[in-house]
Amino acid sequence: IICGKEEVGLNYPEDIKYNVCIIGNYAIHNFKYTDKVVLKKLKENDYELINVEQGYSNCSIAVIDNTSVITTDKKIAEKLIANNFSVLLLDYVPDIKLKDEYGNFSSMTGFIGGAIGRVGDNIIIFGDLDKIDKAGKIRKFITTRNLNIIDFKDLDVIDYGGIVEV
């Protein structure tokens, strides 16, 4: 475990210091705001840094495999495509719910990276994929990579902040 130096604040950009998206040997973030200890460790471990304007990069990217992602952020998509990633850019904002500190649904919309995660050969959607994938593009993008989809039928898709496989 590596501890960063900077405290997370409540407001942007103080709340994004650790929101780095790792895809294979790439780190994607707005490095202007990345905790300096994290940035140093990324460089020491030879991660290739891709700087984007979006501070919530980990929230904005659903990592499917080491070369494939799903996002709704056009500028992130452009940067990743330029770095030879396979990108499914959604041209709509999926209906992803976000809960507030009291467990109630917030008026804010959740992010795709916090609602979709990978464990082994399984892509887990925190809700019913059909609720955010009306045209089947997400399902096709995932299954053409020989990955399984685990979702929860009839439930709203919720941004729980992501999933970590250890």
Side-chain angles (χ1 to χ4, degrees), residues 1-4 6-31 33-35 37-39 41-42 45 47 49-73 75-77 79-80 85-90 93-106 108-133 137-139 141-142 145 147-152 155-166:
I1 296 176
I2 299 165
C3 294
E6 302 171 37
E7 287 189 34
V8 175
L10 295 176
N11 300 309
Y12 187 89
E14 288 81 28
D15 63 343
I16 63 163
K17 297 175 187 296
Y18 302 96
N19 203 290
V20 180
C21 182
I22 302 294
I23 309 170
N25 201 48
Y26 291 85
I28 298 94
H29 197 235
N30 185 332
F31 293 108
Y33 301 109
T34 307
D35 175 270
V37 172
V38 171
L39 189 55
K41 290 295 181 184
L42 290 169
N45 288 288
Y47 279 89
L49 306 180
I50 300 174
N51 191 65
V52 294
E53 291 301 312
Q54 173 60 269
Y56 298 109
S57 57
N58 197 46
C59 296
S60 299
I61 301 169
V63 178
I64 304 306
D65 62 29
N66 284 344
T67 60
S68 306
V69 302
I70 302 170
T71 187
T72 59
D73 189 298
K75 289 184 179 182
I76 285 178
K79 284 272 185 132
L80 294 179
F85 283 88
S86 178
V87 178
L88 174 60
L89 173 62
L90 301 179
V93 178
D95 184 21
I96 298 172
K97 310 285 188 213
L98 188 63
K99 292 194 173 187
D100 63 20
E101 65 270 22
Y102 306 107
N104 301 313
F105 286 121
S106 165
M108 296 172 37
T109 301
F111 287 96
I112 197 157
I116 297 177
R118 180 173 174 167
V119 176
D121 289 335
N122 300 303
I123 300 297
I124 301 169
I125 292 89
F126 300 132
D128 187 342
L129 177 58
D130 292 335
K131 290 194 175 210
I132 62 169
D133 189 29
K137 291 179 182 180
I138 296 173
R139 185 174 304 279
F141 190 79
I142 294 168
R145 283 149 182 82
L147 297 168
N148 305 309
I149 296 173
I150 298 173
D151 66 341
F152 302 91
L155 295 180
D156 289 327
V157 177
I158 300 175
D159 176 348
Y160 284 112
I163 192 167
V164 177
E165 180 179 22
V166 290

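Note that the coordinates shown come from a computational prediction; the quantities given were computed from them, not determined experimentally.
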Next item on the list: Pick out which of I76, I28, N30 makes a side-chain contact (heavy atoms from CB on, under 4.5 Å) with Q54.
Entry: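 Option passing the side-chain contact (heavy atoms from CB on, under 4.5 Å) with Q54: I76.
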Check: Got a sec, which residues hit side-chain contact (heavy atoms from CB on, under 4.5 Å) with V119, two or more places apart in sequence or on another chain?
Finding: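 Scan of V119 (side-chain contact (heavy atoms from CB on, under 4.5 Å), adjacent residues dropped) gives I124, I163, E165.
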Margin query: Checking S60 against I112 for the side chain to side chain contact (heavy atoms under 4.5 Å, CB included) test, could you report, in this order, the C-alpha distance in whole Å, the side-chain angles of both residues, the deciding distance, and whether it holds?
Written below: CA-CA 6 Å; S60 299; I112 197 157; 5.9 Å; no
When you check the gap from the basic side-chain N to the acidic O, do [X] and [Y] get nearer than 4.0 Å?
X	Y	answer
E53	K75	no
R139	D130	yes
D156	K131	yes

Over all atoms of both residues, closest heavy-atom pair of [X] and [Y]:
X	Y	answer
F111	D159	N-OD2, 2.9 Å
V20	L42	CG1-CD1, 4.2 Å
A77	V87	CB-CG1, 3.7 Å
I132	P94	CB-CB, 3.8 Å
S57	C21	OG-N, 3.7 Å
R118	I64	NH1-O, 2.8 Å

Margin query: Can a side-chain donor-acceptor contact be found between N148 and N122 if the only test is distance below 3.5 angstrom?
Written below: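 Yes, side-chain donor-acceptor contact under 3.5 Å.
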Item checked: D65 side chain to T67 side chain, donor-acceptor N/O pair below 3.5 angstrom ->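 Side-chain D/A pair, D65 to T67: present.
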Would you find a donor on one side and an acceptor on the other, under 3.5 Å apart, between the side chain of [X] and the backbone of [Y]?
X	Y	answer
D151	L129	yes
K17	E7	no
N45	Y47	no
H29	I16	yes
Y160	L98	no
D133	I138	yes

Find the distance between [atom1] ([X]) and [atom2] ([Y]) and round it off to the nearest 0.5 Å.
X	Y	atom1	atom2	value
T109	K97	OG1	NZ	8.0 Å
I158	S106	CD1	OG	12.0 Å
L39	Y33	CG	OH	14.5 Å
I23	I50	CD1	CD1	7.0 Å
I150	I125	CD1	CD1	8.5 Å
I61	T71	CD1	OG1	5.5 Å

Note to self: Is the terminal nitrogen or CZ of K99 (NZ for Lys, CZ for Arg) located under 6.0 angstrom from the six-membered ring centre of F105 and within 45° of that ring's axis?
What the structure shows: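 Yes.
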Next item on the list: Go through F85 and S68 one step at a time and tell me if the side chain to side chain contact (heavy atoms under 4.5 Å, CB included) criterion holds.
Entry: CA-CA 6 Å; F85 283 88; S68 306; over 6 Å; no
Check: Got a sec, which residues hit salt bridge (Lys or Arg N to Asp or Glu O under 4.0 Å) with D15, two or more places apart in sequence or on another chain?
Finding: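 D15 satisfies salt bridge (Lys or Arg N to Asp or Glu O under 4.0 Å) with no other residue.
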Item checked: Ring centroid separation F152 to F126 under 6.0 Å ->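 No: the rings miss the under 6.0 Å criterion.
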Check: Parallel, tilted or perpendicular for Y56 and Y12, by the 30°/60° rule?
Finding: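 Tilted, since the angle between the ring planes falls between 30° and 60°.
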